[in-house]
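Down below is the structure, laid out as structure tokens.
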Amino acid sequence: MGLDRASSWGSGLWKRLRNRVGLLAAMVAGRITVRLLRRVGSISGDLAKINISDKYGQIVQQRDLAQIAQLVENINVSLDMLDRERRFASTIAHEIRSPLAGIRVVAEEALADPDRVDYSAVFEGVLRGVDRVEALATDLLLIARSRAAEIEREQIDLCELVRREVAARTDLIPVEVICTFGVLVKVMPTQICEIVTNLLDNAQRYARHQVQVQVDRSDRMARLTVCDDGPGVPEKDRKRVFDRLCRLKTISRHGSTSTGLGLAITWEIVRAHHGTVWVEPAPSGGARFIVQLPLASPSGPET
């Protein structure tokens with residue numbers, strides 16, 4: 001009987017301890033849950049204030065659990081992206097208003113004294129403004145397309161595409177092509193044509209006497225290089241030059257203008273194709289833009 005009583009007492013003690021441990025665990029879990037809910041509520045409140053203020057803001061990191069810290073980091077990344085988009089939209093609106101204001105001035109002056117108007121000059125002024133707005137709209141459409149969902153891509157020879165694009169151009173400065181055939185990439189051809197066009201337009205804008213485009217491969221990457229002998233890009237501007245609507249103080253040698261979106265579009269397209277693009281000094285003293293894209297398959301013989 002003594003053993004039975006001891007066994008019964010031990011079993012009861014074990015049950016009481018287990019219940020107390022379970023209660024303690026529940027209390028701790030409850031406190032953690034309440035703390036997490038309060039923190040999530042705080043994050044939600046901060047985010048609502050940022051949205052209402054319509055100004056740039058960030059969620060302040062605290063001594064959070066790893067999952068909450070990751071949530072805050074992701075929210076802050078999204079806020080950064082939204083702020084960039086907001087500033088970009090504001091800049092684009094300003095860029096569009098400028099040619100529209102020019103068109104309005106030309107039209108109002110013509111209406112004010114219709115008998116003494118040179119309508120040929122009026123139409124030329126209006127067309128210049130329309131061309132500017134159309135260029136902005138085209139570039140914005142290209143940026144939107146470059147961000148679209150993954151599109152069906154084709155395997156092409158980058159050298160053949162570049163040769164074809166250069167042959168179709170009528171440039172003031174002849175373009176020298178140095179090409180390695182068999183550099184195969186899996187891409188959307190129209191977007192790669194846009195890259196070639198943007199880089200060559202940029203080179204023609206600043207070159208003095210020489211523009212060169214080269215296609216080769218490095219390791220497992222296809223490489224497209226466009227060089228000019230112009231003033232080049234200062235080191236402090238070599239990253240900024242791919243920002244939207246970035247215009248350096250360097251003046252075009254041939255009087256051409258741009259929307260400031262060409263290199264930004266190039267950057268967007270290259271990123272969408274899992275590649276990289278950068279600018280460095282060219283051997284000729286100008287700028288050398290380099291685009292690297294993943295190879296689709298081993299390349300063939302060089303020409």
Side-chain angles (χ1 to χ4, degrees), residues 54-56 82-147 165-166 168-175 190-191 193-209 211 226 228-234 237 240-269 286-287:
D54 198 32
K55 294 180 180 179
Y56 178 73
L82 289 172
D83 184 67
R84 287 197 298 271
E85 294 296 330
R86 180 168 50 198
R87 286 187 284 112
F88 177 57
S90 174
T91 307
I92 282 293
H94 175 74
E95 289 290 319
I96 291 176
R97 286 181 57 144
S98 296
L100 290 179
I103 293 172
R104 174 178 288 276
V105 169
V106 170
E108 287 178 346
E109 289 178 350
L111 287 173
D113 195 357
D115 295 332
R116 302 178 61 183
V117 171
D118 180 353
Y119 283 101
S120 176
V122 169
F123 292 145
E124 286 179 2
V126 170
L127 284 175
R128 281 196 299 271
V130 170
D131 287 344
R132 171 71 176 167
V133 174
E134 185 179 24
L136 281 167
T138 300
D139 287 347
L140 287 171
L141 182 60
L142 285 167
I143 285 180
R145 285 176 176 172
S146 71
R147 292 175 166 186
E165 289 301 305
V166 171
R169 295 173 63 92
T170 54
D171 288 315
L172 181 64
I173 299 175
V175 179
T190 55
Q191 290 191 347
C193 289
E194 183 65 24
I195 289 176
V196 175
T197 297
N198 288 338
L199 294 182
L200 286 176
D201 285 351
N202 186 76
Q204 290 285 334
R205 195 171 294 119
Y206 298 107
R208 295 184 176 91
H209 310 289
V211 174
V226 177
D228 64 68
D229 60 349
V233 179
D237 294 323
R240 190 172 69 89
V241 75
F242 295 101
D243 292 344
R244 299 164 182 175
L245 296 169
C246 169
R247 289 198 187 95
L248 304 183
K249 293 182 179 179
T250 307
I251 300 174
S252 167
R253 295 182 57 83
H254 310 294
S256 59
T257 59
S258 75
T259 62
L261 288 172
L263 293 178
I265 290 171
T266 296
W267 187 86
E268 294 272 3
I269 293 173

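Just so it is clear, the values below take in all heavy atoms, side chains as well, and ignore hydrogens, waters and symmetry mates.
- Annotation: side chain of D229 is not in contact with side chain of V211 (no heavy-atom distance under 4.5 Å).
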Legend entry - side chain to side chain contact (heavy atoms under 4.5 Å, CB included) between D201 and R169, worked out: CA-CA 10 Å; D201 285 351; R169 295 173 63 92; 2.8 Å; yes

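- In this structure the side chain of L127 never reaches within 4.5 angstrom of the side chain of E134, judged on heavy atoms.
- A side-chain contact (heavy atoms from CB on, under 4.5 Å) with S120 is found for exactly one of V122, D118, V117, namely D118.
- Minimum heavy-atom separation, P114 to Y119: O-OH, 3.2 Å.
- In this structure, the side chain of N198 engages the main chain of E194 through a donor-acceptor pair within 3.5 Å.
- Minimum heavy-atom separation, C193 to E165: SG-OE2, 3.3 Å.
- Residues A287 and V233 share a closest heavy-atom pair of CB-CG2, 4.1 Å.
- D228 contributes no side-chain N or O that, together with a main-chain N or O of G286, makes up a donor-acceptor pair within less than 3.5 Å.
- For R104, the side-chain hydrogen bond (donor to acceptor under 3.5 Å, both in side chains) partners are E108, not counting sequence neighbours.
- Closest of all the heavy-atom pairs between P99 and G129 is CB-O, 3.6 Å.
- Under the rule for a side-chain hydrogen bond (donor to acceptor under 3.5 Å, both in side chains), D131 has no partner lying at least two apart in sequence or in another chain.
- Not one N or O on the side chain of D171 forms a donor-acceptor pair closer than 3.5 Å with the backbone of I173.
- Rounded to the nearest 0.5 Å, atoms CD (Q191) and OG1 (T197) are 12.5 Å apart.
- Summarising the geometry, atom CZ belonging to R116 is positioned 12.5 Å from atom CD belonging to E109; distances are rounded to the nearest 0.5 Å.
- Remark: T190 OG1 to I195 CD1 distance equals 10.5 Å, nearest 0.5 Å.
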